[in-house]
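Here the structure comes first, spelled out in structure tokens, and everything after it is commentary.
Worth knowing before you read on, the calculation uses all heavy atoms, side chains too, and leaves out hydrogens, waters and symmetry mates. Numbers here simply count residues along the sequence, with the first being 1.
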Amino acid sequence: MRTTKITLDTRFNGAFGPVTLRDAVRRMKAHEMACTVEPELLEGKANVFCDCVERGFTPLRGEIMAAYYVAERDATLDAFDRGLITEGEMLQKRIDLDRQVLGHLSHS
């Protein structure tokens, strides 16, 4: 059985023909989602997704990890904004989240 490593340069058939994952992420960041997602949010999610794929995770797992990272980060900020946690707790939660998600990436 032959396996193929999926990278950001892996080509697949998109809605408008053949495209690489790298091109798909670039296009998404450039215009397709700009009207519904804040640029900073999209940039962070795209960066986590790219890191996941470059380290050998499948695109689906990379997308799931990126979505989880962004959701947890936003929930922590929301909890701070609503006065449910202190600034110190918010900063610690962010450090823990980076270690949990991005730390997994560095060990693959």
Side-chain angles (χ1 to χ4, degrees):
M1 175 184 236
R2 187 174 157 242
T3 60
T4 302
K5 182 177 178 182
I6 296 174
T7 69
L8 291 175
D9 296 316
T10 299
R11 297 188 72 75
F12 65 96
N13 287 323
F16 301 106
V19 65
T20 64
L21 284 173
R22 185 182 317 276
D23 290 336
V25 170
R26 189 186 81 242
R27 288 179 191 173
M28 180 183 72
K29 288 184 347 185
H31 60 80
E32 290 178 9
M33 294 191 67
C35 61
T36 59
V37 179
E38 293 179 27
E40 299 81 25
L41 180 68
L42 185 58
E43 182 72 26
K45 186 174 177 184
N47 289 340
V48 174
F49 172 79
C50 289
D51 286 346
C52 289
V53 173
E54 286 176 347
R55 287 176 171 83
F57 291 116
T58 65
L60 177 59
R61 185 168 180 199
E63 173 64 14
I64 291 167
M65 290 175 73
Y68 169 77
Y69 179 83
V70 170
E72 286 292 324
R73 187 195 63 202
D74 289 353
T76 298
L77 182 58
D78 184 54
F80 172 72
D81 289 344
R82 296 172 72 205
L84 301 174
I85 60 174
T86 66
E87 184 176 7
E89 289 171 317
M90 177 188 68
L91 294 174
Q92 186 59 51
K93 284 181 179 283
R94 283 188 168 182
I95 290 169
D96 293 343
L97 179 62
D98 284 352
R99 193 173 292 134
Q100 178 187 7
V101 175
L102 303 178
H104 286 335
L105 297 177
S106 64
H107 292 104
S108 60

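Residues L97 and R73 approach most closely at CD2-N, 3.6 Å, considering heavy atoms.
For D74, there are no salt bridge (charged side-chain N to carboxylate O under 4.0 Å, His left out) partners two or more places apart in sequence or in a different chain. Every residue two or more places apart in sequence or in another chain that forms a side chain to side chain donor-acceptor pair (under 3.5 Å) with Q92 is listed here: D96. With sequence neighbours excluded, no residue satisfies side-chain contact (heavy atoms from CB on, under 4.5 Å) with A71.
Its side chain within the 4.5 Å cluster rule, F80 clusters with L77, I85, M90, L91 among the Ile, Leu, Val, Met, Phe, Trp and Tyr residues.
Counting only residues at least two apart or on different chains, the side-chain hydrogen bond (donor to acceptor under 3.5 Å, both in side chains) pairs with a member in residues 77-87 are T86-E89.
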